[in-house]
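As a basis for the values below, the full set of heavy atoms in this structure was taken, side chains included, without hydrogen atoms, waters or symmetry mates. Along the sequence shown, residues carry numbers from 1.
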Amino acid sequence: MDKNEKNLGEAPPIGKDELERAYQTLRKYRAARANLEKRIIDDQQWYKLRQWECLRKKEREQVEPASAWLFNAIANKHADAMDALPAAAILPREQGDVQEAKLLSAVVPVVLDECDFESVYSGVMDDKLISGTGVYGVFWNADRLNGLGEIDIEQIDVINLFWEGGVTDIQQSRNLFYMTLRDNDLLEREYPPLKGKLTAPAMDAAGYIYDDAVDVSEKSVVVDWYYKKRAGTKTVLHYCKFIPGQDEPLFASENERDYRENGWYAHALYPFVFDALYRSKGTPCGFGYVDIGKNTQEFIDRGDQAIMQNMLFNCKPRHFIRSDGSVNEAEYGDLTKDFVHVDGALGQDSIMPVRGSSLDGIYVTVINNKIDELKETTGNRDVSSGGTTGGATAASAIAAMQEAGSKLSRDNMRGAYRAYKKVVLMVIELMRQFYDLPRCFRITGESGADFVSFSNAGLLPQSLDGNGDMGLRLPVFDVEVTAVKASPYSKLSQNEMALQFYSAGFFDPKAADAALACIEMMDFDRKDIIAGRIAENAAQYAENIRLRALAAQLAERCGERELAQSLSGSAQDAPAAGNGRAKPLSRLERVRAAAAEGGAPA
């Protein structure tokens, strides 16, 4: 059966005319963002330290130093992002969804791990820091797991995405196009009607400047066209795959009876999530650290170029030679020749050295000032990389400076976490739509590995009264994003805080009320778990005392006085998990605890 359903006597909704209009819309969208394409390609050149290919006007110059100050700033920001890798906790909005939320909190990380999300996250953060915009793609891949289907999360190159000009939220665009290059032979194998029709491509895709030659002569541009339509009282998302210049689509959801009413994805959202660094008005894209620092980096490199040229000029001897000076220039320039022949008398002005002039130290000072300016504007001061300035040697002072120096990274991470939250919500919606059959997941927790079966049964609309007379309720969930403490410093600080709690007697069940009151005033990760454990220990301790007292009474009635006295003494002198005294934290310990919590945006 053909993928594009053609009913007898009825033309499909997406045909030749619709494809031509979509192609013209794509060309209009692409022309409107030509400046963005050029900026992104230039930003990649700056990141690869190929800035002189953007700076030079004509032929290559003799000296082209490319310092990596801007690259170092981006690399440090990327390291901060990887230290604060996001993790999601799914929270229910209604009491009846508590168990399903717990199951989602365990299953969603496994699904993300199967998509190699850490690698995708790293690539998106690279794009975000360099050119200002990283993009996630969240799709349903029906071919995975031998046809069972599974969710795919990919890093999308924003240079291949095209949207309506002037929109800030990508979901507000009337159409969205995503272009990819595919081999002609693979397309003909997957779509036999294309055999012999793929000749010269009707449209080329923008590309970066690669080190190796990329042959696209045997490739064709494939366009994924997403668009929204009103169907009654709701908005639905449709999807069409086509090749520019062809009369028939490769696939069109609107031509399929199963998708015509409800659309391609039930959530009716474009399957792309934008993560912009510094936003600009009128576009979903932002600008990155290359755009912020490349002007300063250019002056640093041009200053280095002038100084290096002056150094080479003064280091390598050069001479003035009269045209009638009768000196054999070839022998004079060849250092292996012991004798240099001359014709006639050798005068004082026959050959004279070219004397250079040394540069003043002010020029080096200016370059150093530009380097400091680049560090300031990119938030990459020495203290952020572990260095110290101003003679600070105290550990508390260094920790405080590191905490203050990382506020830009924390602000950037808040935007990354907002995008991650949208990705997780989109994953849940795809589970709701496509997880019809149960599938097994291995969940690794504190007590070891466990295997659970999961389907969309708990995500589908549910009856309010059991028989559907009062309507249906759709389970809705919230996503709380926290940082995975990946840096050794963060883990060490967390461990030190646990030891401080133990030393302060927080786990002594006799002092549970005081410990809970103190924890109530504190703010740290997994605070509720610690408070719950202390309350649980206190309840167990109270129950233990009650049971021992009851056992002592029974022993007394049975005439076992010695056993009764032993039980009474044990009940009064139960072992404590700490000394019960709250030891005040030192200044260094307080600063370290604050720095540890700074890595996870609220």
Side-chain angles (χ1 to χ4, degrees), residues 81-93 96-125 134-156 265-267 269 271-273 275 413 416-460 474-486 490-491 525-526 528-529 600:
M82 297 308 294
D83 277 348
L85 191 69
I90 315 301
L91 306 177
R93 290 191 182 178
D97 299 327
V98 172
Q99 188 60 34
E100 194 69 19
K102 290 181 179 179
L103 196 56
L104 281 172
S105 297
V107 169
V108 168
V110 179
V111 174
L112 296 182
D113 187 61
E114 290 179 352
C115 297
D116 195 13
F117 181 78
E118 183 174 346
S119 177
V120 174
Y121 171 78
S122 176
V124 170
M125 291 306 301
V135 183
Y136 297 96
V138 186
F139 312 101
W140 177 257
N141 187 347
D143 296 329
R144 285 187 59 186
L145 302 180
N146 295 323
L148 180 62
E150 187 52 277
I151 297 169
D152 273 346
I153 302 178
E154 301 175 6
Q155 175 192 359
I156 302 299
Y265 289 140
H267 55 58
L269 299 173
F272 302 97
V273 177
D275 184 9
M413 290 311 303
Y417 287 5
R418 288 191 293 269
Y420 177 76
K421 179 179 179 180
K422 294 179 181 178
V423 169
V424 173
L425 289 174
M426 205 170 286
V427 167
I428 295 175
E429 291 303 321
L430 290 180
M431 288 179 172
R432 193 196 308 272
Q433 181 178 357
F434 294 106
Y435 271 34
D436 298 323
L437 297 176
R439 54 193 73 199
C440 188
F441 294 91
R442 187 187 74 244
I443 309 299
T444 304
E446 297 180 357
S447 58
D450 192 13
F451 295 90
V452 299
S453 179
F454 180 77
S455 70
N456 63 357
L459 302 176
L460 297 177
L474 185 68
V476 181
F477 303 90
D478 295 320
V479 177
E480 183 182 66
V481 182
T482 58
V484 178
K485 300 292 185 179
S490 298
K491 292 181 178 179
D525 286 342
R526 294 189 283 186
D528 294 338
I529 296 178

Please tabulate, one pair per line, all N/O donor-acceptor pairs under 3.5 Å involving side-chain atoms of residues 100-110, not counting sequence neighbours.
from, atom 1, to, atom 2, distance (Å)
Ser105, OG, Ile90, N, 2.9
Ser105, OG, Ile90, O, 3.3
Ser105, OG, Ala101, O, 2.9

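- The structure places CD1 of Ile428 at 9.5 Å from CD1 of Ile151, a figure rounded to the nearest 0.5 Å.
- Atom CG of residue Leu85 and atom OG1 of residue Thr482 lie 10.0 Å apart, to the nearest 0.5 angstrom.
- Between Ala483 and Tyr417 the shortest heavy-atom distance is CB-OH, 3.1 Å.
- With sequence neighbours left out, Asp478 forms a salt bridge (Lys or Arg N to Asp or Glu O under 4.0 Å) with Arg93.
- Expressed to the nearest 0.5 Å, how far CG of Asp152 lies from CH2 of Trp140 amounts to 9.5 Å.
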Pair Leu474, Arg432 - check side-chain contact (heavy atoms from CB on, under 4.5 Å), show working. CA-CA 10 Å; Leu474 185 68; Arg432 193 196 308 272; 3.3 Å; yes
Could you tabulate the donor-acceptor pairs under 3.5 Å formed by side-chain atoms of residues 112-124, not counting sequence neighbours?
from, atom 1, to, atom 2, distance (Å)
Tyr121, OH, Ala81, O, 3.0
Ser122, OG, His78, NE2, 3.0

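- In plain terms, the two heavy atoms of Val476 and Asp97 that are nearest each other are N-OD2, 4.3 Å.
- Listed by chain and number, the residues in a salt bridge (Lys or Arg N to Asp or Glu O under 4.0 Å) with Glu154 amount to none (sequence neighbours excluded).
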Donor-acceptor list for residues 433-443 side chains, cut-off 3.5 Å, not counting sequence neighbours:
from, atom 1, to, atom 2, distance (Å)
Gln433, OE1, Ala266, N, 2.8
Gln433, NE2, Trp264, O, 3.3
Tyr435, OH, Glu150, OE1, 2.6
Tyr435, OH, Glu150, OE2, 3.1
Asp436, OD1, Asn456, ND2, 3.0
Arg439, NH1, Gly149, O, 2.9
Arg439, NH1, Glu150, OE2, 3.4

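- In this structure, the side chains of Leu459 and Phe477 come closer than 4.5 Å at one or more pairs of heavy atoms.
- One distance of note links CG of Asp275 with OH of Tyr136; it measures 6.0 Å at 0.5 Å rounding.
- Between Phe454 and Met431 there is a side-chain heavy-atom pair separated by less than 4.5 Å.
- Taken to the nearest 0.5 Å, the CZ atom of Phe139 stands 13.0 Å off from the CZ atom of Arg144.
- None of Val424, Leu269, Ile156, Val427 except one satisfies the side-chain contact (heavy atoms from CB on, under 4.5 Å) rule with Val138; the exception is Val427.
- Taken to the nearest 0.5 Å, the CZ atom of Phe272 stands 14.5 Å off from the NZ atom of Lys422.
- Considering only residues two or more places apart in sequence or on other chains, Arg418 meets the salt bridge (Lys or Arg N to Asp or Glu O under 4.0 Å) condition with none of them.
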